Peer 1: 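The structure is given below, and queries will be raised subsequently.
None of these values were measured; they are calculated from a predicted model. One-based numbering along the sequence shown. Worth knowing before you read on, the calculation uses all heavy atoms, side chains too, and leaves out hydrogens, waters and symmetry mates.
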Amino acid sequence: MTDRQILVVDDEEHLRELVQACLEDLGGWKTVGARSGEECLQIVQIEQLNAILLDVSMPGMDGFAVYELLQSDPITRSIPVILLTAKVLPSDRAKFAQMAVAGVIAKPIEPITLTEEIAEILGWVE
């Protein structure tokens with residue numbers, strides 16, 4: 001599993017670092033961090049990624065806008081995206097269902113089970 005690399009996109013530095021630590025220490029995966037949608041779009045052009053964990057609520061370019069741009073690019077369209085969000089209202093769930101995201105993980109995250117959730121969503125369960 002150590003050959004897998006995940007991009008963690010979240011404007012909250014402490015949360016981004018916590019998620020990266022969990023994925024590296026518990027999942028054995030490599031991670032790259034991005035603090036904004038713009039930074040995410042730069043990183044996807046240079047890194048080989050197996051998945052993207054994308055915060056929905058970010059200043060400037062939100063997760064929905066980033067996702068649309070990822071989907072419009074043939075190079076990044078095939079990278080599975082998991083949304084990280086505190087938004088879990090029925091209207092939000094309907095919007096998520098219409099998107100072709102790999103999955104949605106609600107905030108606050110559960111650090112101990114985060115890697116298991118991601119592995120299950122992405123079909124990385126061994």
Peer 1: Could you tell me the separation between the CD atom of Glu120 and the OG1 atom of Thr113, rounded to the nearest 0.5 Å?
Peer 2: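 Rounded to the nearest 0.5 Å, the CD-OG1 separation comes out at 10.5 Å.
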Peer 1: So, using side-chain hydrogen bond (donor to acceptor under 3.5 Å, both in side chains) as the criterion, who are the partners of Asp73 when residues are at least two apart?
Peer 2: Gln45
Peer 1: Please examine the side chains of Val9 and Met58, heavy atoms only from C-beta on, and report whether any two atoms are closer than 4.5 Å.
Peer 2: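 Contact flag for Met58/Val9 side chains = yes.
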Peer 1: From Lys107 NZ over to Ser57 OG, what is the distance, rounded to the nearest 0.5 angstrom?
Peer 2: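 Going from the NZ atom of Lys107 to the OG atom of Ser57 covers 7.0 Å.
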Peer 1: Just jot down the salt bridge (charged side-chain N to carboxylate O under 4.0 Å, His left out) partners of Arg35, sequence neighbours excluded, or say none.
Peer 2: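 Checked Arg35 against salt bridge (charged side-chain N to carboxylate O under 4.0 Å, His left out); matches are Glu39.
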Peer 1: Report the residues that fulfil side-chain hydrogen bond (donor to acceptor under 3.5 Å, both in side chains) with Thr31, sequence neighbours left out, ordered by chain and then residue number.
Peer 2: Gln20, Glu24
Peer 1: Which residues pass the side chain to side chain contact (heavy atoms under 4.5 Å, CB included) test with Asp25, not counting sequence neighbours?
Peer 2: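 Listed in chain order: Ala21.
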Peer 1: Over all heavy atoms of both residues, which pair between Val44 and Thr76 is shortest? Give the atoms and the distance, please.
Peer 2: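 Shortest heavy-atom contact: CG2-CG2, 3.5 Å.
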Peer 1: I'd like to know if Asp55 pairs up with Arg16 as an ion pair, taking the criterion as any Lys NZ or Arg NE/NH1/NH2 lying under 4.0 Å from an Asp or Glu carboxylate oxygen.
Peer 2: no
Peer 1: Would you indicate whether the side-chain heavy atoms of Val81 and Met99 approach each other to under 4.5 Å?
Peer 2: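 Contact flag for Met99/Val81 side chains = no.
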Peer 1: For the atom pair CD1 (Ile52) and CG (Leu7), what is the distance rounded to the nearest 0.5 Å?
Peer 2: 5.5 Å
Peer 1: By side chain to side chain contact (heavy atoms under 4.5 Å, CB included), which residues pair with Ala102, not counting sequence neighbours?
Peer 2: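 Pro80, Ile82, Ile121, Leu122.
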Peer 1: I'd like to check Asn50 versus Trp124 (side-chain heavy atoms, cut-off strictly below 4.5 Å). Are they in contact?
Peer 2: yes
Peer 1: Would the number of heavy atoms belonging to other residues, nucleotides or ligands and lying under 6.0 Å from CD1 of Ile46 be above 12?
Peer 2: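 Atom CD1 in Ile46 is crowded, with more than 12 foreign heavy atoms closer than 6.0 Å.
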Peer 1: For Cys40, run the side chain to side chain contact (heavy atoms under 4.5 Å, CB included) check against Val8, Asp10, Val32, Val66 and tell me which one passes.
Peer 2: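 Of Val8, Asp10, Val32, Val66, side chain to side chain contact (heavy atoms under 4.5 Å, CB included) with Cys40 is met by Val66 alone.
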Peer 1: Which atoms form the tightest heavy-atom contact between Ile43 and Ala34, and what is the distance?
Peer 2: CD1-CB, 3.8 Å
Peer 1: Run the side-chain hydrogen bond (donor to acceptor under 3.5 Å, both in side chains) test against Glu47 and tell me which residues pass, sequence neighbours left out.
Peer 2: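 Gln5.
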Peer 1: Taking all non-hydrogen atoms of both residues, which atom of Pro59 and which atom of Asp11 are closest, and how far apart?
Peer 2: CD-OD2, 3.3 Å
Peer 1: Can you run down the salt bridge (charged side-chain N to carboxylate O under 4.0 Å, His left out) pairs that involve residues 58-71, sequence neighbours left out, and say none if there aren't any?
Peer 2: none
Peer 1: For Ile79 and Leu70, run side-chain contact (heavy atoms from CB on, under 4.5 Å): C-alpha distance rounded to whole Å, both residues' side-chain angles, the deciding distance at 0.1 Å, then the answer.
Peer 2: CA-CA 8 Å; Ile79 303 171; Leu70 291 169; 5.8 Å; no
Peer 1: Rounded to the nearest 0.5 Å, how far apart are CD1 of Ile118 and CZ of Arg4?
Peer 2: 12.0 Å
Peer 1: Rounded to the nearest 0.5 Å, what's the gap from CD on Glu116 to CG on Leu26? Could you check?
Peer 2: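 Between Glu116 CD and Leu26 CG, I get 9.0 Å after rounding to 0.5 Å.
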Peer 1: Under the side chain to side chain contact (heavy atoms under 4.5 Å, CB included) test, which residues partner Gln98, sequence neighbours left out?
Peer 2: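 So Gln98 forms no side chain to side chain contact (heavy atoms under 4.5 Å, CB included) with any residue.
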Peer 1: Would you say the side chain of Leu54 lies within less than 4.5 Å of the side chain of Thr85, judging by non-hydrogen atoms?
Peer 2: no
Peer 1: Taking the side chain as everything from C-beta on, heavy atoms only, tell me whether Leu114 gets closer than 4.5 Å to Val19.
Peer 2: yes
Peer 1: List the residues meeting side chain to side chain contact (heavy atoms under 4.5 Å, CB included) with Gln71, not counting sequence neighbours, and say none if there are none.
Peer 2: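 Counting only residues at least two positions away or on another chain, Gln71 forms a side chain to side chain contact (heavy atoms under 4.5 Å, CB included) with Tyr67, Arg77.
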